[in-house]
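In what follows, a structure is listed as structure tokens, so that the remarks can point back to it.
Predicted model only: the values in this text are computed from it and were never measured.
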Amino acid sequence: MVRGLMSDIHGNLIALEAVLADGETQGVDEWWVLGDLVAIGPEPVATLERLASLPQVQMIQGNTERYVLTRDRPAPHPDDVHADPGLFGLFSAVEGSFAWTRGALAAHGWLDWVSRLPLDVRTVLPDGTRVLGVHASPGRDDGDGITPDRPEEELAADLVEAEADIVCAGHTHQPTDRVVGGVRAVNLGSVGNPSTDDLRASYVIIHADADGHRLQHRRVAYDQDAFLASVARSGHPEAEYIASFVRGEQARHAASRPGAPVVG
């Protein structure tokens with residue numbers, strides 16, 4: 001079994017296609033997709049159509065699915081704006097972004113489908129290793145999640161009830177590979193919206209058979225000019241913000257640092 005794991009596609013169909021093509025060269029025969037599928041991206045419907053077409057795939061919700069499906073939103077909230085009217089512009093941008101994605105999914109009949117996605121996925125590898133896939137951390141789709149430099153005691157507290165040997169997540173967009181409290185904590189990074197100075201799409205492969213398993217982090221280059229063109233023609237109200245990720249303007253972390261993976 002060769003399982004590919006990815007997260008945080010954020011409606012970047014071009015990056016998704018590059019990851020799927022790379023996975024095919026590596027023999028991936030099943031995919032896990034760990035949330036944040038389409039929001040904050042230019043091609044939400046086409047991205048869902050592509051994911052749903054995969055012959056062997058399991059998908060879960062992330063926090064941005066919750067924002068699209070409900071009235072929940074990231075900060076700033078209305079009370080924050082009342083306290084500081086200077087936050088109104090950011091508040092409006094957040095509302096407009098998630099409303100645009102919700103409208104696109106509603107127009108094409110995808111909202112019910114997204115609402116039925118689970119919050120986690122589990123498996124036991126042929127060698128008996130228990131693997132849990134979540135968006136941020138066990139039982140949560142948001143929060144500090146798994147990062148290379150999160151204090152060990154904090155991360156261990158999040159993982160203590162995971163009932164798994166390996167916990168895989170996304171959410172922070174920071175590729176990670178650590179062992180904390182006897183649990184291997186793995187962050188897949190982001191397919192579509194990088195936050196490190198390595199702007200390639202990031203994902204993980206688990207090779208497994210009865211004799212053991214091997215986990216491999218991978219980076220995949222893709223046509224960023226084509227992605228920027230898709231953003232420009234999308235009509236998304238926050239097109240400039242989306243484009244800023246692939247231009248490197250949201251890179252806040254070094255890709256190589258303690259706790260980050262060695263990339264294959």
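Using modelled atom types, one side-chain atom of H10 and one backbone atom of A39 make a donor-acceptor pair closer than 3.5 Å. The main-chain N or O of I206 is never found under 3.5 Å from a side-chain atom of R214 such that the two would form a donor-acceptor pair. Checked by atom type and distance alone, the side chain of D8 never pairs as donor or acceptor with a backbone atom of H173 at under 3.5 Å. Counting only distance, with no hydrogens or angles, the side chain of T172 and the backbone of I146 share a donor-acceptor pair below 3.5 Å. For the pair R3 (side chain) and D29 (backbone), a donor-acceptor distance under 3.5 Å is absent.
Looking only at atom types and distance, the side chain of T129 has no donor-acceptor partner in the side chain of D165 under 3.5 Å away. Side chains of E238 and S97: a donor-acceptor N/O pair is absent below 3.5 angstrom, by distance only.
In this structure the side chain of P78 reaches within 4.5 angstrom of the side chain of F91, judged on heavy atoms. Using a 4.5 Å heavy-atom threshold, the side chains of H207 and H213 count as separate. Proximity of D144 to H171: side-chain heavy atoms (C-beta onward) are nowhere separated by under 4.5 Å. Between L37 and L48, the closest side-chain pair of non-hydrogen atoms falls below 4.5 Å. At a threshold of 4.5 Å between non-hydrogen side-chain atoms, the residues L228 and V246 count as touching. In this structure the side chain of N193 never reaches within 4.5 angstrom of the side chain of Q250, judged on heavy atoms. Side-chain contact check for H135 versus Q61: every heavy-atom pair is 4.5 Å or farther apart.
Residue P126 comes nearest to A210 through the heavy atom pair CB-N, 3.6 Å, listed as atom of the first residue, atom of the second, then distance. In plain terms, the two heavy atoms of C168 and V131 that are nearest each other are SG-CG1, 4.4 Å. P261 and R219 make their closest contact through CG-NH2, 4.3 Å (heavy atoms, listed as atom of the first residue, atom of the second, distance). Counting all heavy atoms, side chain and backbone alike, A52 lies closest to W110 at CB-CH2, 3.9 Å.
Within 6.0 Å of atom CD in E240, 12 or fewer heavy atoms from other residues, nucleotides or ligands are found, so the atom counts as exposed in its surroundings. No more than 12 heavy-atom neighbours from other residues, nucleotides or ligands sit within 6.0 angstrom of CD on E24. For E161, the CD atom counts as loosely surrounded, since its 6.0 Å shell holds 12 or fewer non-hydrogen atoms of other residues, nucleotides or ligands.
Ionic pairing of R150 and D158 is present here: one or more N-O contacts between side-chain nitrogen and carboxylate oxygen are shorter than 4.0 angstrom. Of the charged side-chain nitrogens involved, none lies within less than 4.0 Å of a carboxylate oxygen, so that R122 and D120 do not count as a salt-bridged pair. Salt bridge present: D22 and R218 bring a charged side-chain N and a carboxylate O closer than 4.0 Å. A salt bridge is absent between E163 and R130; no separation between the charged side-chain nitrogens and carboxylate oxygens falls under 4.0 Å. A salt bridge does not link R50 to E43: none of the charged nitrogens lies less than 4.0 Å from a carboxylate oxygen.
Here Y203 and W31 bring their ring centres to under 6.0 angstrom of each other. Annotation: H77 is not in aromatic contact with H82 [ring centroid separation under 6.0 Å not met].
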For R252 and D197: C-alpha separation, side-chain torsions, deciding distance, then whether salt bridge (Lys or Arg N to Asp or Glu O under 4.0 Å) applies.
CA-CA 7 Å; R252 301 182 178 91; D197 56 11; over 6 Å; no

